[in-house]
Every structure is written in structure tokens, then in C-alpha cells.
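A, B, ... follow the sequence lines: proteins, then strands. Residue 1 opens every chain.
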There are 2 protein chains.
Amino acid sequence: MAGGVVKVYGAAVSPYVATVLVCLEEAGAAYELVPVDMAARENREPHHLARSPFGKIPAFQDGDLTLFESRAISRYVLRKYRDAGAAGDMLGEGGGLEAAAAVDVWLEVQAQQYEPAAAQIVRQCVILPMVGGARDQRVVDEHVGALREVLRAYDARLGGGREYLAGDGATLADLAHVGFTHLLVACTEYAALMEEFANVRAWWERLAARPAVTKVAALMDAFWAGHVSATN
Amino acid sequence: MAGGVVKVYGAAVSPYVATVLVCLEEAGAAYELVPVDMAARENREPHHLARSPFGKIPAFQDGDLTLFESRAISRYVLRKYRDAGAAGDMLGEGGGLEAAAAVDVWLEVQAQQYEPAAAQIVRQCVILPMVGGARDQRVVDEHVGALREVLRAYDARLGGGREYLAGDGATLADLAHVGFTHLLVACTEYAALMEEFANVRAWWERLAARPAVTKVAALMDAFWAGHVSATN
């Protein structure tokens with residue numbers, strides 16, 4: 001029944017959209033990905049602004065409910081569709097106050113520390129060249145340095161046998177890293193950043209091997225391959 | 001019993017610290033504010049980094065548990081100490097999936113749309129002059145324009161009798177605005193931004209009149225007055 005399938009508005013290549021798709025895959029929820037033509041500025045048209053008032057992707061629809069902002073959508077998806085079972089709810093909420101707080105802390109670290117650095121590298125090395133701009137290597141170098149310091153702190157956090165940032169299993173705090181990290185590794189010359197620290201390398205290998213992540217990474221790659229063949 | 005009082009490490013004048021203090025006040029929880037001497041870079045010393053690995057304030061301690069990142073600490077404080085009762089848990093979690101999602105969405109809007117603009121205005125107009133720097137009016141103008149567009153969207157959201165961003169009552173999505181908005185209104189010439197849109201003006205007046213907010217605003221002002229008298 002089509003009416004029962006949630007809709008994600010956006011393109012899988014967007015790291016923000018990817019976060020939501022990874023959560024839907026982890027939850028085993030059926031979804032439809034509805035394209036938004038960013039090049040044609042469809043995201044500024046009234047029908048998209050009605051779903052996402054700042055014109056961002058992804059937007060999300062579940063029946064009569066519309067949501068925007070990838071981390072907020074992801075929390076909703078995991079709360080509603082994730083079968084907690086033995087593997088946990090991926091938000092820590094079933095594990096008590098401290099487990100939930102650990103997810104909240106490291107999801108904020110992703111948003112406030114990791115993403116600003118990774119996003120600038122991806123923007124300079126991937127997005128700007130794609131739209132005909134020139135990258136500014138000083139900006140790249142600055143954010144590579146910042147990201148390295150963030151990863152140094154992750155390496156310390158992931159020491160002592162801790163396999164994921166916030167819990168014994170993967171949580172939203174880990175999953176939210178997938179989009180930008182996949183673009184960094186697959187589309188820039190800075191993939192080696194993820195290999196400089198042993199615990200970080202093992203964490204990313206573990207994360208990248210999850211079936212949900214493998215599937216969404218393939219969607220991102222397919223979009224990218226289509227774009228390159230269409231513009232060359 | 002002193003051991004039962006939670007500790008907040010930082011200065012009340014920090015908008016990030018203010019968010020946590022407002023939540024503690026709303027929850028009626030006893031707390032001790034422990035100064036961190038940012039001017040002396042105490043935040044980069046090992047004892048602070050052990051609590052907050054990126055050297056930020058606030059850090060937070062509740063017994064053996066230490067946390068950092070203001071929004072994560074705030075969620076923990078409201079979950080543990082807020083007596084939900086009739087007035088709600090301020091996270092929407094007691095109200096079901098949609099109520100919780102509304103708080104999550106508008107807390108992300110605060111983090112991704114409001115704060116980046118407000119923080120740049122406060123940095124240029126308040127922080128830089130305080131440490132002997134000169135403000136860049138082009139940066140100020142750019143972010144005043146951006147903040148105005150954010151507030152235009154808030155005005156639409158707050159229409160139709162909606163008194164707070166995410167629910168019938170105040171939630172963390174509103175409270176997280178207090179720190180930067182108070183500095184903007186009290187310490188810059190851009191206070192009028194909060195009066196340009198009727199629904200936004202009413203929302204801020206409503207928020208600023210809450211006893212928890214009044215108390216924390218006074219702590220911020222006292223720090224500021226002390227700093228000015230100490231440096232003049």
C-alpha cells in the first residue's frame with residue numbers, strides 16, 4: 001500500500017539525506033525517495049517550503065506528518081520503526097538516562113565538531129568543482145587540520161575496546177557520520193584521514209560494513225556516477 | 001548535601017552555559033556553577049579536557065557522570081529533574097512521537113539556522129571588542145540579514161495562536177534560544193530585530209518573562225557588569 005510508505009524528499013547523494021536513509025535501512029522501514037531538483041532550485045518552491053521552511057533537504061513525510069532536519073527525522077524514524085530487541089533502539093533511550101545522554105553528547109559532537117570540518121572539505125573538493133568553481137586549498141588545509149584533531153579525540157574515545165562512539169552497538173551518533181565520511185573517502189584525496197588513527201580506522205571499517213550503510217553508500221555512488229556521465 | 005548537587009563548569013555569560021542553567025532552573029534542580037577561566041585557557045588544561053574533550057564549556061557533573069555539549073546536557077537535565085506534571089517534560093517525550101519530533105526539529109533549527117547567525121553578530125559586536133579586536137561591519141550586516149530571514153520563518157511558525165515553537169508550552173527548542181538572544185538584546189544595537197515581527201516579539205516577551213529565564217539573564221548581566229567594571 002503506497003500510502004503506508006514514508007517519503008524522503010531529496011537526493012541520496014546529500015549527506016543529510018543519507019543519514020535519514022541509513023536510519024530507515026537500519027530500522028527495516030519501507031520508504032520512497034522523491035527527488036528534489038536542487039539545480040533547478042525546486043527546494044525554494046512553495047511545495048517544498050511547505051515541508052521544509054528553510055528550503056533544505058531532506059524533508060520527510062509519514063502520513064499527515066511532515067518533518068525536516070536530518071537528525072530530528074532520524075530520531076523519529078528510529079523511535080517509530082526500529083525494533084529495539086536485543087540490538088537496541090540506536091538512541092540509547094531504552095538503556096536509561098546515561099545511555100541516552102551518551103548518544104545525545106556524541107550526536108552533538110558530530111554536528112558541532114565533525115561535520116563543520118568534513119563539510120568544508122567536501123564542499124571545496126567535491127561540490128565546488130562540480131558546479132564549475134575552483135577550490136581554495138588554504139580552506140581545505142585548515143579543515144583537514146581541524147578534522148584531524150577531531151579524529152584524535154575520537155581515537156581516544158574509541159580506545160579500550162569501545163567499538164562505537166556512544167554505546168556497545170551502533171547508535172545514531174555513529175550513523176550520522178556516514179554521509180560526509182563516505183563522500184570524504186570515496187570522492188576526495190583525504191580518505192587516508194580515516195586511517196591515521198587505529199581506533200578510528202577500525203570504527204569506520206565496522207560502520208562501513210553494516211548492510212544499511214553499504215546500501216546507502218551504493219545509492220550515493222550511483223547518483224555520483226550518473227552525474228559524472230551526464231556532464232562529461 | 002553538597003555531593004548531591006550537580007555541577008556546571010563554565011561562566012553564566014556563555015550562551016551555551018546559559019542554556020543548561022535555564023533548564024536546571026526550569027527543573028528546579030539545585031546546582032553549583034564552577035568557574036572555568038577561559039582567559040587563562042583553563043579550558044585547555046587536562047582537568048577540564050577530562051570532562052570536555054574539545055575544551056568547550058559547559059561541562060557537567062552529576063555524581064560519577066560527566067557530560068558536555070549544552071543541548072545534550074539539557075536533555076539529560078530535563079529528563080532526570082523535570083517534574084513533567086501538567087506543564088510537560090519540555091522535550092515532548094511524554095506527548096508521543098509527534099510531540100517529541102516537533103521539539104527535535106525546532107531544536108535543530110535553533111542549532112543550524114538561528115545560532116550560526118546570532119553567534120556571529122554577538123561575536124562581532126560583543127566578544128571581539130571585549131578582547132581588543134575590531135568588528136567587521138560587513139560580517140555583522142550579512143548575519144543580521146540572515147537572522148532576519150530566520151525570524152521571518154519563526155513568525156510564520158508562531159502564527160495562528162501558537163505560543164511556542166514546538167508545543168503548547170515552552171520546550172527545550174525555545175529555551176535553547178535564551179543565551180544568544182539575551183546577549184543580542186542586552187548588549188548589541190540589534191535588539192530591534194526581535195521586535196520586527198509581531199509573533200516573534202510576543203514569543204520572546206513570553207520567554208523572557210519566565211522566572212527561570214529572568215534569573216539566568218540576571219546572572220549573565222552580573223557577569224557582564226563585573227567584567228566591564230574590572231576592565232574599565
Side-chain angles (χ1 to χ4, degrees), chain A residues 16 49-56 59-60 62-81 91-93 96-116 119 146 149-150 152-157 165-166 172-173 176, chain B residues 16 49-56 59-60 62-81 91-93 96-116 119 146 149-150 152-157 165-166 172-173 176:
Chain A
Y16 306 102
L49 290 171
R51 297 185 191 108
S52 180
F54 299 93
K56 308 284 185 184
F60 176 86
D62 187 0
D64 292 335
L65 177 69
T66 57
L67 298 173
F68 61 102
E69 283 291 347
S70 60
R71 294 178 198 84
I73 297 167
S74 296
R75 285 182 187 266
Y76 173 85
V77 164
L78 292 172
R79 283 189 183 128
K80 178 160 180 184
Y81 292 105
L91 293 171
E93 294 178 355
L97 283 171
E98 293 194 23
V103 176
D104 292 338
V105 165
W106 289 93
L107 185 59
E108 285 288 327
V109 170
Q110 185 274 330
Q112 304 296 328
Q113 305 290 334
Y114 188 93
E115 186 172 292
E149 292 314 305
V150 172
R152 195 186 305 281
Y154 279 33
D155 200 58
R157 170 70 179 175
L165 287 170
L172 178 55
Chain B
Y16 306 102
L49 291 171
R51 297 186 191 107
S52 180
F54 299 94
K56 307 285 185 183
F60 176 85
D62 186 0
D64 292 335
L65 177 69
T66 56
L67 299 174
F68 60 102
E69 283 291 346
S70 61
R71 294 178 198 84
I73 298 168
S74 296
R75 284 182 188 266
Y76 173 85
V77 163
L78 292 172
R79 282 190 184 129
K80 179 161 181 184
Y81 293 105
L91 293 171
E93 294 179 354
L97 281 172
E98 293 194 23
V103 175
D104 292 337
V105 166
W106 289 93
L107 185 60
E108 285 288 327
V109 170
Q110 185 275 329
Q112 304 296 327
Q113 304 290 335
Y114 188 93
E115 185 173 292
E149 292 314 305
V150 173
R152 195 186 306 281
Y154 279 33
D155 200 58
R157 170 69 179 174
L165 287 170
L172 178 55

Engineer: Restricting to side-chain hydrogen bond (donor to acceptor under 3.5 Å, both in side chains), what partner residues turn up for A:E98, sequence neighbours left out?
Structural biologist: none
Engineer: Quick check: do A:K56 and B:Q113 have side-chain heavy atoms less than 4.5 Å from each other?
Structural biologist: yes
Engineer: Would you mind checking which part of B:Y154 comes under 4.5 Å of any heavy atom in chain A, side chain (CB onward), backbone (N, CA, C, O), both or neither?
Structural biologist: side chain
Engineer: For residues A:V109 and B:F68, determine if any side-chain heavy atom of one lies less than 4.5 Å from a side-chain heavy atom of the other.
Structural biologist: yes
Engineer: Top residue by heavy-atom pair count (under 4.5 Å) with chain B, among A:E149, A:Q112, A:R157?
Structural biologist: A:Q112
Engineer: Salt bridge or not for B:R79 and A:E93, using N-O below 4.0 Å?
Structural biologist: yes
Engineer: Which heavy atom of A:A101 sits nearest to which heavy atom of B:L67, and what is that distance?
Structural biologist: CB-CD2, 3.9 Å
Engineer: Could you pull out all residues at least two apart from A:E108 that satisfy side-chain hydrogen bond (donor to acceptor under 3.5 Å, both in side chains)?
Structural biologist: B:R71
Engineer: Heavy atoms only: give me the nearest B:V105-A:E69 pair and the separation to one decimal.
Structural biologist: O-CG, 4.1 Å
Engineer: What part of B:L97 is in contact with chain A, defined as an atom under 4.5 angstrom from a non-hydrogen atom: side chain, backbone, both or neither?
Structural biologist: both
